[in-house]
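Okay, so here's the structure we're looking at.
Residue numbering restarts at 1 for every chain, and letters A, B, ... go by the order of the sequence lines.
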Protein chains: 2
Amino acid sequence: MCPSRLVLEHVTSRWGVLVLIRLLERPYRFSELRRAIGRVSEKMLSQTLQTLERDGFVHRDAKPVIPPRVDYSLTDLGYEAAEQVQALAVWTEERMREVAEARRTYDEARSVR
Amino acid sequence: MCPSRLVLEHVTSRWGVLVLIRLLERPYRFSELRRAIGRVSEKMLSQTLQTLERDGFVHRDAKPVIPPRVDYSLTDLGYEAAEQVQALAVWTEERMREVAEARRTYDEARSVR
DNA sequence: CGGTATCCAAAAGGATACTG
DNA sequence: CAGTATCCTTTTGGATACCG
């Protein structure tokens, strides 16, 4: 299987999408990002950030202070990815009315049979 | 949670992406699509197509002949979605060299410590 | 604060058999 | 041919406890 498919899956993954879109706005700290996204476990957020960092989409800046402070931001590569993902997310929102209509038609046809 | 997120997940899902990109090229029959994608079970392909059809992205045309013949194609809505998904897939492929380089750097830094 | 480790529940996904 | 049904395996994700 094509290796780029795995990278694409990283950026289009459930939490990957949300992280990228948030970081498009500005850098975030770990807990801040967690609150902003909502209903994401520490484990998944941590895992998602590590994957995106390893692929070169996210930059991790850990300041050696107490208490610890870690800022996450987009790299240039991540910025490009995030813009496209956001465009798709925005497009989807704009088309929700049509999707809802398609679903009604689909469900309707099935309930009759 | 936002309902459009679910729709976005449908189009960016593992098999959803591959189906949309294939159908961008031309209509496909079920088995044909399965062979084209490769390594997808009947169950998952069927499920993916049903979801995309219900959301209004894919049109299903079942001809009442024996043996059965079913053609799948993109709707106008699906075409728009597929184009964006493909753009993201193409972008990812083009950036694979940078991703690979980022990974080497990341893994290198970790193995030293 | 920003994680990791562990364990468990839930969901996704595959293989096979079967049907109209 | 184009699926559905069933069963099973794998992966994903959450909760909790703990650490530097």
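Contact check, B/R69 against D/dA2: no side-chain N or O comes under 4.0 Å of OP1 or OP2. Taking only side-chain nitrogens and oxygens, A/S41 never comes nearer than 4.0 Å to OP1 or OP2 of D/dA15. Contact annotation: B/Q50 reaches the phosphate of D/dT4 (side-chain N/O to OP1 or OP2, under 4.0 Å). Checking the phosphate oxygens (OP1, OP2) of D/dT12, no side-chain nitrogen or oxygen of A/R14 falls inside 4.0 Å.
In this structure, B/Y28 atom OH and D/dC1 atom P are separated by 17 Å, rounded to whole Å. Atom CG of B/D71 is separated from atom C1' of D/dG3 by 15 Å (rounded to the nearest Å). For B/K43 and D/dT9, the NZ to C1' distance is 11 Å, given to the nearest whole Å. One can place CG of A/L45 at 15 Å from P of C/dC1, the figure rounded to the nearest angstrom. If you take CD1 of A/I66 and P of C/dG2, they are 13 Å apart, rounded to a whole angstrom. Remark: C1' of D/dA2 and CZ of B/R29 are 9 Å apart, rounded to the nearest angstrom. Here D/dG14 presents its P atom at 5 Å from CH2 of A/W15, a figure rounded to the nearest Å. Remark: C1' of D/dT4 and CZ of B/F30 are 10 Å apart, rounded to the nearest angstrom.
Salt bridge A/D61/A/R69: absent, no basic N to carboxylate O contact under 4.0 Å. Look at A/R97 and A/E101 and you find no salt bridge, because none of the NZ, NE, NH1 or NH2 atoms lies under 4.0 Å from a carboxylate O.
Each of D/dG3, D/dC1, C/dG3 was ranked by its minimum atom distance to the side chain of A/Y72; first place goes to C/dG3. The side chain of B/P68 approaches C/dG20 more closely than any other nucleotide in the set D/dG3, C/dG20, C/dG2. Closest to the side chain of B/M44, from the set C/dG14, D/dC1, C/dA17, is C/dG14. Of the candidate nucleotides D/dG3, C/dG14, C/dG3, C/dG3 has the atom nearest to the side chain of A/S46. Side-chain proximity of B/E42 to D/dA17, D/dG3, D/dC7: nearest is D/dG3.
Using a 4.0 Å heavy-atom distance criterion, B/R60 is classed as a sugar-phosphate-only contact.
Each of B/Q47 and B/R35 was matched to the nucleotide of DNA chain D holding its nearest heavy atom; the match closer to the 5' end belongs to B/R35. Each of A/L49 and B/V40 has a nearest nucleotide on DNA chain C; the 5'-most of these lies closest to A/L49.
A side-chain contact (heavy atoms from CB on, under 4.5 Å) with B/F57 is found for one member of B/L49, B/V7, B/D76, B/L74 and no other, namely B/V7. The salt bridge (charged side-chain N to carboxylate O under 4.0 Å, His left out) test with B/D71 is passed by exactly one of B/R26, B/K63, B/R60: B/K63.
Residues satisfying the salt bridge (charged side-chain N to carboxylate O under 4.0 Å, His left out) test with A/E80, not counting sequence neighbours, are B/R95.
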